[in-house]
Protein chains: 2
Amino acid sequence: MTASRTARERVRAELTREIVEIARRQLATEGAGGLSLRAVAREMGMVSSAIYRYFPSRDDLLTTLIIDGYNALGEAVERADAAAPEDDFPGRWAALCHAVRDWALAHPHEYALLYGSPVPGYQAPQDTIGPRVRDLTVFGAILSAAQRAGALTPPATPFEADPALAGEAEASLADLMPGVPGDALLRALSAWTSLYGWVSFEVFGQFKGAFVDLRPAFDHSVRALGAMIGLTRG
Amino acid sequence: MTASRTARERVRAELTREIVEIARRQLATEGAGGLSLRAVAREMGMVSSAIYRYFPSRDDLLTTLIIDGYNALGEAVERADAAAPEDDFPGRWAALCHAVRDWALAHPHEYALLYGSPVPGYQAPQDTIGPRVRDLTVFGAILSAAQRAGALTPPATPFEADPALAGEAEASLADLMPGVPGDALLRALSAWTSLYGWVSFEVFGQFKGAFVDLRPAFDHSVRALGAMIGLTRG
DNA sequence: AGTCGTCAAGAGCGGTGCTCTCGTTTTCTG
DNA sequence: CAGAAAACGAGAGCACCGCTCTTGACGACT
């Protein structure tokens with residue numbers, strides 16, 4: 001039964017995969033705005049209306065591309081983190097940051113789809129919430145592990161966090177970053193926004209013609225942020 | 001002579017202004033993708049081809065909207081900075097940050113046009129470079145003034161900047177932020193990317209359903225970043 | 001073997017940016 | 001002042017888009 005039904009379903013799955021693949025290639029070359037169902041159909045030798053048997057609308061196709069993008073980015077981050085020495089927490093943070101930057105520069109249009117302006121009105125259905133936080137999850141694992149290893153020590157700073165706000169942060173991030181004190185979470189949040197702010201600036205061209213060499217500047221910023229968070233070697 | 005010529009040119013300028021105004025309203029409601037020359041023409045009671053007498057292409061219309069956006073944001077930032085006590089440098093930094101965030105939240109689609117994914121292939125002609133750095137210019141003025149007032153003192157940090165990189169930063173930002181030492185510039189750069197990273201996250205919906213109250217969290221982050229930069233009261 | 005669901009194809013709708021042509025009107029000039 | 005020149009709005013049209021609906025053929029299940 002499964003075998004007979006699979007005859008149909010297998011070709012269907014294959015065609016679906018092929019559509020997504022062609023769409024991703026179009027996305028990579030033309031950008032999100034240039035993704036056209038008709039062009040995908042043309043490249044597949046199908047007529048445009050046939051695509052709608054597989055994706056009910058252009059936005060649905062975009063949504064799967066978005067999910068794939070989050071997964072690809074998350075995978076890259078996970079790989080980079082796993083390759084770093086487990087107790088070198090500043091190093092793991094730096095590896096995470098460079099993974100994000102490298103992936104974004106290698107896939108600018110997909111990065112724009114994930115972290116740029118929302119494309120249509122906007123969509124973002126619920127299936128996205130899982131892959132969307134894969135990078136954050138890695139970050140949380142690093143922070144939690146550093147905290148457990150006693151390698152998350154607040155640097156001397158003239159600025160203290162409001163205890164109420166710190167508690168709120170602790171509560172709302174308890175699942176992703178368990179055990180991390182609230183003030184460290186707030187510092188980590190600043191570092192996180194700085195990371196994506198930098199990458200967005202660079203990918204979206206705001207840094208055009210600024211520093212001669214952006215890579216060492218990025219690396220310095222990343223390490224300084226790691227120190228600001230309070231990460232030390234375990 | 002000017003009066004006679006103005007007969008035509010005045011109505012032309014007026015129509016141009018009206019086109020931009022309608023376009024901005026469409027941009028605010030529909031987003032950059034929903035901006036349609038035909039819709040603008042329809043709303044003006046003109047035929048679509050007539051618009052091309054005033055803007056040679058849709059991208060040109062978008063470009064003027066972008067320039068206007070940079071100017072509006074820059075003006076808001078300048079106003080906020082001017083309203084703060086001149087020698088309260090952490091306060092001026094905080095005012096700048098809140099001005100950026102408030103403006104972005106009030107004009108999300110225009111913010112997306114400025115700091116989101118570049119719209120078509122992308123454009124960004126040279127007329128943009130002036131208004132584009134109005135916010136950065138204010139930031140530079142704050143930093144330079146703080147430095148002159150002796151209110152820019154590096155906080156105790158376990159992380160030192162590479163002198164070569166600091167020198168490079170000093171050289172490339174000498175015009176915008178004269179007199180500011182390189183290591184402070186590097187810290188300021190991190191704070192800058194953190195600011196825009198935060199605002200982009202918030203405007204683009206990445207913070208959806210995170211903290212209950214984003215405003216106090218933002219304010220804390222901003223003040224912590226100010227301390228990280230090394231800003232103190234003069 | 002017959003029925004029913006799935007599929008690709010085609011035509012078509014309303015929308016887009018943009019081009020070209022054609023009268024008209026305004027401006028500049030001889 | 002009259003005529004040339006430039007600017008203008010209107011309209012038709014091209015190629016493209018997302019999306020819908022119908023039609024006919026093929027495959028799968030009873």
Side-chain angles (χ1 to χ4, degrees), chain A residues 1-20 22-23 25-27 29-66 113 118-123, chain B residues 1-20 22-23 25-27 29-66 113 118-123:
Chain A
M1 160 187 171
T2 41
S4 61
R5 157 177 316 178
T6 4
R8 243 219 225 291
E9 288 199 345
R10 256 175 57 189
V11 58
R12 179 179 179 87
E14 177 58 31
L15 282 184
T16 305
R17 209 191 53 78
E18 191 179 344
I19 291 176
V20 172
I22 293 179
R25 206 169 55 236
Q26 285 201 4
L27 170 68
T29 61
E30 309 286 339
L35 198 165
S36 143
L37 285 188
R38 294 181 111 110
V40 173
R42 211 176 300 131
E43 190 164 337
M44 293 186 63
M46 291 170 73
V47 85
S48 70
S49 59
I51 300 284
Y52 289 84
R53 298 261 176 211
Y54 300 88
F55 291 92
S57 81
R58 178 178 181 273
D59 280 13
D60 288 80
L61 180 53
L62 266 181
T63 296
T64 79
L65 288 178
I66 289 176
L113 199 58
V119 197
Y122 55 28
Q123 66 292 348
Chain B
M1 161 187 169
T2 41
S4 62
R5 156 178 316 178
T6 4
R8 221 190 182 82
E9 286 200 344
R10 255 175 58 188
V11 58
R12 177 179 180 88
E14 176 59 30
L15 282 184
T16 305
R17 209 190 52 78
E18 190 179 345
I19 291 176
V20 172
I22 294 179
R25 205 168 57 235
Q26 285 200 6
L27 169 68
T29 61
E30 311 285 338
L35 199 166
S36 145
L37 284 187
R38 294 181 110 110
V40 172
R42 213 175 299 130
E43 191 164 336
M44 292 187 63
M46 291 170 72
V47 84
S48 71
S49 60
I51 300 285
Y52 288 84
R53 299 266 178 210
Y54 300 87
F55 290 93
S57 82
R58 179 178 180 274
D59 280 14
D60 288 81
L61 180 52
L62 267 180
T63 296
T64 79
L65 288 178
I66 289 176
L113 198 59
V119 197
Y122 54 28
Q123 67 292 347

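No hydrogens, no waters, no symmetry mates; every other heavy atom, side chains included, goes into these values. Just so it is clear: chains get the letters A, B, ... in the order the sequence lines come, proteins before strands, and each one is counted from 1.
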Legend entry - Among A/Ile22, A/Thr29, A/Leu65, the one residue meeting side chain to side chain contact (heavy atoms under 4.5 Å, CB included) with A/Leu35: A/Leu65
Inset, instruction - Go through the structure and list residues passing side-chain contact (heavy atoms from CB on, under 4.5 Å) with B/Arg12, not counting sequence neighbours. - result: B/Thr16, B/Tyr54
Legend entry - Partner set under side chain to side chain donor-acceptor pair (under 3.5 Å) for A/Ser57, not counting sequence neighbours: A/Asp60
Inset, instruction - Kindly indicate, with the supporting measurements, whether the criterion side-chain contact (heavy atoms from CB on, under 4.5 Å) is fulfilled by A/Val20 and A/Arg17. - result: CA-CA 5 Å; A/Val20 172; A/Arg17 209 191 53 78; 5.9 Å; no
Inset, instruction - Look at all strands and tell whether B/Leu61 reaches a base, only sugar-phosphate, or nothing, counting heavy atoms closer than 4.0 Å. - result: nothing
Legend entry - side chain to side chain donor-acceptor pair (under 3.5 Å) partners of residues 33-50 of chain A, not counting sequence neighbours, each pair once: A/Arg25-A/Glu43
Inset, instruction - Check DNA chain D against residues 43-53 of chain A and give the residues with a non-hydrogen atom under 4.0 Å, in numerical order. - result: A/Ser48, A/Ser49, A/Tyr52
Legend entry - Spatial distance of atom CE (B/Met44) from atom CD1 (B/Ile19) [nearest 0.5 Å]: 4.5 Å
Inset, instruction - Looking only at side-chain atoms of B/Arg38, point me to the closest of C/dC7, D/dG13, D/dG18. - result: D/dG13
Legend entry - N or O in side chain of B/Tyr54 less than 4.0 angstrom from D/dC8 OP1/OP2: no
Legend entry - Proximal nucleotide (of D/dG13, C/dC7, D/dA7) relative to the B/Arg8 side chain: D/dA7
Legend entry - Whole-Å gap separating C1' (D/dA15) and CZ (A/Arg42): 10 Å
Legend entry - Toward the 5' end of DNA chain D, by each residue's nearest nucleotide, A/Ala39 or A/Pro56: A/Ala39
Inset, instruction - Please state how far atom CD in B/Glu9 lies from atom C1' in D/dA7, giving the value in whole angstrom units. - result: 11 Å
Legend entry - N or O in side chain of B/Ser36 less than 4.0 angstrom from C/dG17 OP1/OP2: yes
Legend entry - Short side-chain N/O contact from B/Arg58 to OP1 or OP2 of C/dT16, under 4.0 Å: no
Inset, instruction - Using whole Å, report how far CZ of A/Phe55 lies from C1' of D/dC19. - result: 16 Å
Inset, instruction - Please determine if a side-chain N or O atom of A/Arg12 lies less than 4.0 Å away from the OP1 or OP2 oxygen of C/dC7. - result: yes
Inset, instruction - Would you indicate which nucleotide in D/dG9, C/dT16, D/dC17 comes nearest to any side-chain atom of B/Leu15? - result: D/dG9
Inset, instruction - Can you tell me the distance, in whole Å, between the CG atom of B/Leu37 and the P atom of D/dG9? - result: 14 Å
Inset, instruction - Among A/Thr63, A/Thr64, A/Asp59, find the one that has a side chain to side chain contact (heavy atoms under 4.5 Å, CB included) with A/Leu61. - result: A/Thr64
Legend entry - Length of the line joining A/Arg10:CZ and C/dT6:C1', which is rounded to integer Å: 18 Å
